[in-house]
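Worth knowing before you read on, the calculation uses all heavy atoms, side chains too, and leaves out hydrogens, waters and symmetry mates. In the text below, chain A, chain B and the rest are named by the order of the sequence lines, each starting its count at 1.
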2 protein chains.
Amino acid sequence: MNNNDKPPLRRVTSIDVAERAGVSQSTVSRALSGSETITEATRRRVELAAEQLGYHVNARAAGLRRGETGTIAIVVIGREGQGPAAINPFYYSLLGSTCAAAAERGYEALVSFQARPEEFFGHYVARRQADGVVVIGTATNEAAWDYFRTCAEQSKGMAFWGSPFDDSVWVRSDNREAGRLAVERLARSGAERIVFVGDTASSQRQFRERYEGYRDAMEQAGLLPVEPVISDGEDRVSQGRNAIRQMADSGAGFDGLFFACDAMALGALEELASLGIAVPDQVGVIGFDGLGSGEFSAPPLTTVQPDFAQAGMTLVDTALASGEDRPERRVKVHLVERASVR
Amino acid sequence: MNNNDKPPLRRVTSIDVAERAGVSQSTVSRALSGSETITEATRRRVELAAEQLGYHVNARAAGLRRGETGTIAIVVIGREGQGPAAINPFYYSLLGSTCAAAAERGYEALVSFQARPEEFFGHYVARRQADGVVVIGTATNEAAWDYFRTCAEQSKGMAFWGSPFDDSVWVRSDNREAGRLAVERLARSGAERIVFVGDTASSQRQFRERYEGYRDAMEQAGLLPVEPVISDGEDRVSQGRNAIRQMADSGAGFDGLFFACDAMALGALEELASLGIAVPDQVGVIGFDGLGSGEFSAPPLTTVQPDFAQAGMTLVDTALASGEDRPERRVKVHLVERASVR
DNA sequence: CTGAAAGCGCTTACAG
DNA sequence: CTGAAAGCGCTTACAG
């Protein structure tokens, strides 16, 4: 029950277990790793000894010998000069699903948040800390992506979520489908002058893909696609606010809005309200991301969301695929109906 | 530039670097680990060789020899039967700050999401995968906390955020101060009949502490503290909604509300709106957590928030403190002014 | 300032 | 089915 025999002076090793069970170290190893060639009786004896001694196999020594790390590294890129508190919740969801996917594949997840150049590091595979690395996070930190782009040239086993460059192993949402879904839903509500808001030249490549999906869907619906509305702003929320102000000033009419991301849509909702433009009655609004914040906005935000579980799994599998086959991986998206479209 | 010399058949080791630099393995080790006793010239030679070969020291082998892991494990407890998508964003923020704190202390972070009994695991220290483990996440998963409580009895180096039990090394917000802050702010807006909403017998011990802070502050302000309002509901959001309905039915008057957490407050805001009760004009509302969702609610939610950076740091330091001194660690809180109080 | 040797705690051919 | 021995890739006393 308690340790009044003798205090553990030294960490208990497989040799201690072997001694206690009256077998060799090899047998302990085999018994505890589930080898087939061990008698049930022996295995039980070993397991008992291990439990009595509070023994757990030293994962690092085992891995060193086996040559596998059994872990996958996940790096989350943040905006320079901002802490993890400023991370877009979208990436937290993605991080969570990626960890879960890693676990499902039998891997541990080593995660790091990187924002400043001094802390950029991606050589986890070379350092034998991981068998693969997945990189997610804001596309706005150029220095970080430059760094990781170089990393990817040097090492195998890297997978990126929505990288700002195409020449590496990336995983993305099916953004064209997202555009289609949004336009279709807006059109169904009766909207005809639907505009896409977001910078199609953004380092976030996925924005452009969403715009293309919008454009094609508009044409297919017999509607007139217009040029994307691009606005400035410190962050995505103010970009959304400013876009509305800009459109109001220009006097261009619109009755449906598809935003490149939820944060912009959320800012827009505020601005629309303060301008007295009713959502969804005068204008329907759809975002992209599926942020939790959209559940409580006024009105709750209808949005397109990727399948996070699939995203995490694809990221992990891609990182582990050792780069020989480089399939373009697209993650399914679906519409989350809330109340910003009639 | 490219590898047309010969493809790397085998992983490059410190022996390869030694050979190339014309020194011994010991020297390579010393040069690369920043030992003082090495000539600058030698060091440069070694570094050059390492770079040319694309060598990185094998972290696992080094750690095995050194006896340190250099990593801290972070486990995030989820609700059974729900994936990481259902994790309260509060814990994501806390996870992010904990990872950042670990990095600041020179540690890697090994994170896992655990919700089902089959996946409970906390013996990272025994398995030599980490030097300490911090556990955060929902207090509602009893089986998980039972498991980790037992873990904590067996191993040193564990730190818990807001554990449902007191007999272990926990870190918590300064919840009484939170209660004081909320009451003071509400009173300043002119509220007199202020009520606390939240289950004071909840497994989330911090709820009770917030209530106690509320109660004491009410007395000090010469106001009458009332019994906490407790409501049922699937999740915290519906508990918030139901609390409002309950209070409306009972006819008890109130002009200030302090919720045990933001999710409840957010649900309450919706219900208040649908009942036509104006916030903040008829009733002031304050939550706890600092969720991002509160920025976009109608109206934006005034809330009390812990200092996440401090929380992460305290968690890491506590886990690493090897348990000999068990200081009760309280994390500072502050009021985030938004628009749900006059 | 540098090298040769031992050892961190495992696993896995190789024998028997 | 089990054991003795070698080795995974480092670091660190111990010498010189």
Side-chain angles (χ1 to χ4, degrees), chain A residues 8-47 49-50 53-71 123-131, chain B residues 8-47 49-50 53-71 123-131:
Chain A
L9 299 168
R10 187 173 61 77
R11 195 129 236 139
V12 13
T13 74
S14 65
I15 294 185
D16 302 317
V17 178
E19 198 170 305
R20 176 154 199 141
V23 297
S24 74
Q25 197 186 16
S26 329
T27 299
V28 171
S29 172
R30 286 191 273 251
L32 262 25
S33 67
S35 159
E36 294 290 305
T37 86
I38 290 281
T39 312
E40 220 17 68
T42 309
R43 186 192 310 280
R44 257 197 292 275
R45 207 139 41 87
V46 171
E47 282 171 347
L53 294 168
Y55 172 76
H56 290 264
V57 354
N58 181 321
R60 205 170 16 186
L64 176 58
R65 180 54 232 253
R66 281 220 175 94
E68 305 158 355
T69 70
T71 110
H123 297 284
Y124 293 98
V125 175
R127 236 173 26 174
R128 301 278 60 216
Q129 287 195 111
D131 295 332
Chain B
L9 298 168
R10 186 171 63 76
R11 195 132 234 136
V12 14
T13 74
S14 65
I15 293 185
D16 303 318
V17 178
E19 198 170 305
R20 175 153 200 143
V23 297
S24 76
Q25 196 185 17
S26 326
T27 299
V28 171
S29 171
R30 284 191 274 250
L32 264 25
S33 68
S35 160
E36 294 290 302
T37 88
I38 290 281
T39 311
E40 219 18 68
T42 311
R43 188 194 308 281
R44 257 195 293 275
R45 205 138 43 87
V46 171
E47 282 171 348
L53 294 168
Y55 172 76
H56 290 264
V57 354
N58 181 321
R60 205 168 16 183
L64 176 58
R65 181 53 232 251
R66 280 219 174 93
E68 304 157 355
T69 70
T71 109
H123 297 284
Y124 293 97
V125 175
R127 238 175 21 178
R128 300 280 59 216
Q129 288 197 109
D131 295 332

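- Using a 4.0 Å heavy-atom criterion, one finds that A:Thr37 contacts the bases of the nucleic acid, with or without backbone contacts as well.
- Between B:Glu36 atom CD and C:dC1 atom C1' the separation is 13 Å, expressed in whole Å.
- Between A:Tyr55 and A:Val17 the shortest heavy-atom distance is CG-CG2, 3.5 Å.
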Going by atom type alone, with no hydrogens or angles, which donor-acceptor pairs under 3.5 Å involve a side-chain atom of residues 59-66 of chain A and a protein atom two or more places apart or on another chain?
residue : atom : partner : partner atom : Å
A:Arg60 : NH1  : B:Glu68 : O            : 2.6
A:Arg60 : NH2  : B:Glu68 : O            : 3.2

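- The base of D:dG9 has none of its N or O atoms less than 3.5 Å from a complementary donor or acceptor on the side chain of A:Arg127.
- If you measure from atom CZ of B:Arg30 to atom C1' of D:dC10, you get 13 Å, rounded to the nearest angstrom.
- Counting heavy atoms from C-beta on, the side chains of A:Val23 and A:Val28 come closer than 4.5 Å.
- For the pair B:Thr27 (side chain) and B:Ala18 (backbone), a donor-acceptor distance under 3.5 Å is absent.
- Among the heavy atoms of the strands, none lies under 4.0 Å from B:Ser33.
- Consecutive pairing runs in DNA chain D reach the stem threshold at C:1-3 with D:14-16, C:5-12 with D:5-12, C:14-16 with D:1-3, where a stem means at least three Watson-Crick or G-U wobble pairs with distances under 3.5 Å.
- As a whole-Å value, the separation of A:Glu68 CD from D:dG9 C1' is 16 Å.
- Of the possible polar contacts, none joining the B:Arg127 side chain to the A:His56 backbone as a donor-acceptor pair under 3.5 Å is found.
- The salt bridge (charged side-chain N to carboxylate O under 4.0 Å, His left out) test applied to A:Arg20 returns no partner, not counting sequence neighbours.
- For D:dT12, the OP1/OP2 oxygens have no side-chain nitrogen or oxygen of B:Arg65 closer than 4.0 Å.
- The side-chain hydrogen bond (donor to acceptor under 3.5 Å, both in side chains) check on B:Ser14 picks up B:Gln25, with sequence neighbours excluded.
- A salt bridge links B:Glu40 with B:Arg43; the closest basic N to acidic carboxylate O contact falls under 4.0 Å.
- Residue B:Thr42 has no polar side-chain atom (N or O) positioned under 4.0 Å from OP1 or OP2 of C:dC1.
- A:Arg30 pairs by the salt bridge (charged side-chain N to carboxylate O under 4.0 Å, His left out) definition with nothing, not counting sequence neighbours.
- Across residues 17-29 of chain B, B:Gln25, B:Ser26, B:Ser29 each have a non-hydrogen atom less than 4.0 Å from an atom of DNA chain D (numbered order).
- Within the 4.0 Å cut-off from OP1 or OP2 of D:dT12, at least one side-chain nitrogen or oxygen of B:Arg66 is found.
- Of the candidates C:dA4, D:dG9, C:dT12, D:dG9 carries the atom nearest the B:Thr13 side chain, counting heavy atoms from C-beta on.
- Candidate nucleotides D:dC10, C:dG9, D:dT2 were compared by shortest atom distance to the side chain of A:Ala61, and C:dG9 ranks first.
- Residue A:Leu53 contributes atom CG, which lies 15 Å from atom P of C:dG9 at whole-angstrom precision.
- Within the nucleic acid shown, B:Leu64 comes within 4.0 Å of at least one base atom, counting heavy atoms only.
- When heavy atoms are screened at a 4.0 angstrom cut-off, A:Arg60 is found touching no nucleic acid atom at all.
- Here the P atom of nucleotide D:dC10 and the CG atom of B:Asn58 are 5 Å apart, to the nearest Å.
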